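First comes the structure, then the notes that go with it.
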Amino acid sequence: MPVLVAFAYSPPAVAAANVENGKYILTAAGCVGCHTTKANKQKARLLSGGRALKTPFGVYYSPNITPDPEHGLGNWTEADFLEALRNGKSPTGDHYLPVFPYTSYTQMTDDDMRDLWAYMKTRPPISDANIPHAAPFIFRMRFTLGPWKMLNFKPGAFVPDPERDAEWNRGAYLVKALGHCGECHTPRNFMGGLKSDLYHAGAKQGPEGEVVPNITMDADTGIGKWTTDDLDTLLTIRMLPDGDFAGSGMAEVIENTAKLTPEDRKAIISYIRSVPAIKNKVK
Ligand code: HEC
Ligand code: HEC
């Protein structure tokens, strides 16, 4: 039956990338904030880089990630992009500095990475040149990052927990792989790696030197007294339970969480509230 054989050998249908989902992932993962200066954001020159990230390890400038062939990712393949997000490696095999939170993005699914790439390619190319990092030499030495990654980086996509329901798993994915909440809310060791035993327990010195609160459910030092509604109000309109408004890095995070679907915000909250309470006073 040659006809059947022909059918059996027809190539499997490859699902076209979902550009709309890619746009949503870009928001949920907060790529625009780091990769755009404030001035360029107002002019809608998004992802053109040049934003100074003033960390305790020196000042770093985000690169241009528009499709510009000279200064951006115009010559990158989809595989190059997946390698950067999954393994923190450049097309020439260099390690990226962990100020680019691929330590979290590694947990994205292949499909979400592909959709994100498809969306990024639809953005207008902008030909702004990259600015070299101004960090002390030791923190710019990429060859030291091999050992650093062995100790502080676990590559691989998020694996859903079969013991938990779909909402919890979606929330865990949004928080860990995309929103990278722990990159700020978890304190770091002397090497700049995350202290996993203090997951979400707050940091006296966040990425830009600021105090980042404990967001575990500890009643005294965390958000144990917050209701689900309190969290939704914060993640939608930035208002804290005492009527004040969250600022610094969190304000930018909320620009993005406010644009997520109500279901996704609910999933984030359900996951955040399930993280074990840790007593850790940071403010
Ligand atoms: C906290 C700030 C921050 C966030 C958030 C962030 N990046 Fe970056 N990104 C950086 C910095 C800084 C570098 C440069 C790293 C280096 O020099 O090793 C970088 C590098 C990159 C590179 C490599 C570019 C090149 O020219 O080699 C790509 C691609 C990239 N980011 C994509 C993304 C995407 C996609 C997102 C969202 C999913 C994202 N970034 C979110 C700060 C950030
Ligand atoms: C860029 C760093 C950064 C990231 C990423 C980040 N946060 Fe925050 N977050 C902060 C800072 C800084 C504050 C304190 C803001 C203030 O007090 O003005 C804060 C405050 C909060 C608070 C209020 C806690 C309190 O006691 O006032 C909650 C809740 C919170 N963040 C949840 C989250 C969640 C959920 C995510 C991920 C979706 C997230 N954060 C991602 C830096 C960050």
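These numbers come from a predicted model, not from an experiment. Note: hydrogens, waters and symmetry copies are ignored here, and every other heavy atom, side chains too, is used. Just so you know, ligand 1 is whichever comes first in the structure, and atom 1 is the first atom listed for that ligand. Counting begins at 1 with the first residue of the sequence.
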Aromatic ring pairing Y105/H180, orientation class (parallel under 30°, perpendicular over 60°, tilted between): perpendicular
Proximity to ligand 2 by part of [X], non-hydrogen separation under 4.0 Å:
| X | answer |
| --- | --- |
| V175 | neither |
| C181 | both |
| L174 | neither |
| N214 | neither |

N256 to ligand 2, any heavy atom closer than 4.0 Å: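 The answer is no, since N256 has no heavy atom less than 4.0 Å from ligand 2.
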contact_flag K283 ligand 2 heavy-atom lt 4.0 Å: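 Right, K283 reaches ligand 2.
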Which residue owns the protein heavy atom closest to [atom], what's the atom, and how far is it?
| atom | result |
| --- | --- |
| atom 34 (C) of ligand 1 | C31 SG, 3.6 Å |
| atom 5 (C) of ligand 1 | Y105 OH, 3.3 Å |
| atom 3 (C) of ligand 1 | C34 SG, 2.8 Å |
| atom 32 (C) of ligand 1 | I65 CD1, 3.8 Å |
| atom 30 (C) of ligand 1 | F100 CZ, 3.5 Å |
| atom 14 (C) of ligand 2 | P213 CD, 3.4 Å |
| atom 40 (N) of ligand 1 | H35 NE2, 2.9 Å |

Of all N/O/S atoms in H185, the name of the one nearest atom 8 (Fe) of ligand 2: NE2
Exceeds 12 heavy-atom contacts within 6.0 angstrom, atom CD of E78: yes
Within 6.0 angstrom of Y199 OH, more than 12 heavy atoms from elsewhere: yes
G247 N/O to ligand 2 N/O under 3.5 Å: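 N/O-N/O distance under 3.5 Å: yes.
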Y60, F81, Y96: member with heavy atom nearest to atom 35 (C) of ligand 1: F81
Among C184, G249, G182, closest by any non-hydrogen atom to atom 1 (C) of ligand 2: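 That would be C184.
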S270 (side chain) donor-acceptor with K266 (main chain) under 3.5 angstrom: no
Flag [X] as yes when one of its N or O atoms lies below 3.5 Å from any N or O atom of ligand 1, and as no otherwise.
| X | value |
| --- | --- |
| N64 | no |
| P63 | no |
| H133 | yes |

Taking only heavy atoms of [X] into account, list the atoms of ligand 2 that are under 4.0 Å away from them.
| X | value |
| --- | --- |
| L240 | 27 (O) |
| I272 | 35 (C) |
| L234 | 22 (C), 23 (C), 28 (C), 29 (C) |
| A246 | 18 (O) |
| V211 | 12 (C) |

Near-ring test F153/Y102, centroid separation under 6.0 angstrom: yes
Ligand 1 contact by R51, heavy-atom criterion under 4.0 angstrom: no
Ligand 1 contact by W76, heavy-atom criterion under 4.0 angstrom: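 Checking ligand 1 against W76, which is what was asked, there is a heavy-atom contact under 4.0 Å.
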Atoms of ligand 1, numbered as shown, that sit under 4.0 Å from any heavy atom of R142: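 Those atoms are 16 (C), 17 (O), 18 (O).
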Residue L97 vicinity, atoms of ligand 1 by number, heavy atom under 4.0 Å: 16 (C), 17 (O), 18 (O)
Atom 27 (O) of ligand 2 within contact range, any protein heavy atom under 4.0 Å: yes
